[in-house]
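Just so it is clear, the structure is predicted and the values come from calculations on it, not from any experiment.
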Amino acid sequence: MWRRSQQRAAVGLVVLFVVTVLGPRAMAQDATPAAGPIGVTSTLLGSGQPSLVPGHELGLRRVTIAPGGGIPAHTHPGALVIYLEAGTWGYIPLGGVARLTRAAVNGTPSPTEEMEIGTEIVLNPGDWIYVEDPADDIRNAGDDPVVLWIASLTPVGEPFTTLMPEMDAMAMAGTPAP
């Protein structure tokens with residue numbers, strides 16, 4: 001009983017703090033979370049500026065997307081090769097060039113296919129895509145973490161990812177494809 005009264009007192013102090021210190025703005029915030037990456041960690045493993053492509057940077061990243069995570073509509077400058085090491089990955093191309101190659105069977109990869117803009121493709125381990133100046137929407141489409149390896153050739157100084165809130169509605173209209 002004494003413990004319960006301590007818990008109530010602690011809750012009361014937190015409420016008092018929010019109301020008096022943070023003010024009404026904290027109480028009236030929109031319940032909808034801000035659009036952005038959810039459950040995504042990205043590690044730049046290495047990069048360099050090749051003399052053969054002045055003004056560009058060659059990079060290698062390892063990206064992990066937790067179950068339920070993803071990145072809403074966004075863009076990347078330049079060209080990327082994205083290899084799916086683990087998990088089940090949902091990818092919606094929203095612009096640019098996007099080509100899919102399914103994992104090799106008996107040492108032979110499937111023929112490369114153009115990806116349809118606005119249609120979600122679900123990728124499995126060993127699948128990879130080539131994208132150039134992509135706009136896309138990505139998500140973990142399974143119950144296990146997604147692990148991606150991303151090789152990029154992008155203009156020096158450009159952000160690797162830029163969110164596009166105006167494209168979220170288009171991404172939501174994507175239709176899953178096997």
Side-chain angles (χ1 to χ4, degrees), residues 29-47 56-155 158-178:
Q29 287 183 357
D30 184 8
T32 305
I38 297 172
V40 177
T41 57
S42 177
T43 303
L44 179 61
L45 301 173
S47 66
H56 286 74
E57 181 173 51
L58 180 63
L60 179 63
R61 289 174 168 72
R62 184 175 191 266
V63 175
T64 303
I65 307 170
I71 305 175
H74 61 281
T75 62
H76 303 281
L80 312 174
V81 173
I82 306 171
Y83 174 82
L84 178 58
E85 177 184 354
T88 305
W89 184 43
Y91 181 86
I92 303 173
L94 301 173
V97 172
R99 295 183 185 109
L100 167 68
T101 303
R102 295 286 183 184
V105 176
N106 297 325
T108 305
S110 70
T112 299
E113 59 187 84
E114 293 289 325
M115 297 172 72
E116 186 177 336
I117 300 296
T119 299
E120 181 179 57
I121 300 293
V122 175
L123 290 88
N124 297 298
D127 293 347
W128 57 277
I129 60 173
Y130 169 79
V131 290
E132 197 168 325
D133 290 325
D136 47 33
D137 183 294
I138 65 173
R139 70 183 181 94
N140 182 325
D143 297 327
D144 298 316
V146 163
V147 178
L148 303 170
W149 291 83
I150 303 174
S152 60
L153 183 62
T154 58
E158 293 283 326
F160 183 70
T161 303
T162 303
L163 295 177
M164 302 174 47
E166 68 278 5
M167 293 286 291
D168 281 343
M170 183 176 171
M172 296 297 288
T175 306

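Taking each heavy atom of T64 and P145 in turn, the nearest pair found is CG2-CB, 4.2 Å. Looking at every heavy atom in both residues, P72 comes nearest to P37 through CD-N, 4.1 Å. Closest heavy-atom contact between V122 and R102: O-NH1, 2.9 Å.
When the side-chain contact (heavy atoms from CB on, under 4.5 Å) test is applied to S152, the partners found at least two apart in sequence or on another chain are R61, L80, T154, F160. Judged as a side-chain contact (heavy atoms from CB on, under 4.5 Å), and not counting sequence neighbours, the contacts of T75 are A135, T162, M164.
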Kindly determine whether L148 and L84 satisfy side chain to side chain contact (heavy atoms under 4.5 Å, CB included), including the steps that lead there. CA-CA 5 Å; L148 303 170; L84 178 58; 3.7 Å; yes
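Between the D133 side chain and the P77 main chain, no donor and acceptor come within less than 3.5 Å of each other.
When side chains are defined from C-beta on, L100 does not count as touching T112, because their heavy atoms never get closer than 4.5 Å. In this structure the side chain of H76 never reaches within 4.5 angstrom of the side chain of V131, judged on heavy atoms. No side-chain heavy atom of E120 sits under 4.5 Å from any side-chain heavy atom of D137. Within the 4.5 Å cutoff, the side chain of I65 has no heavy atoms near those of the R139 side chain.
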Donor-acceptor contacts under 3.5 Å from residues 85-97 side chains, at least two apart:
| residue | atom | partner | partner atom | Å |
| --- | --- | --- | --- | --- |
| E85 | OE1 | W149 | NE1 | 2.5 |
| Y91 | OH | D136 | OD2 | 2.9 |

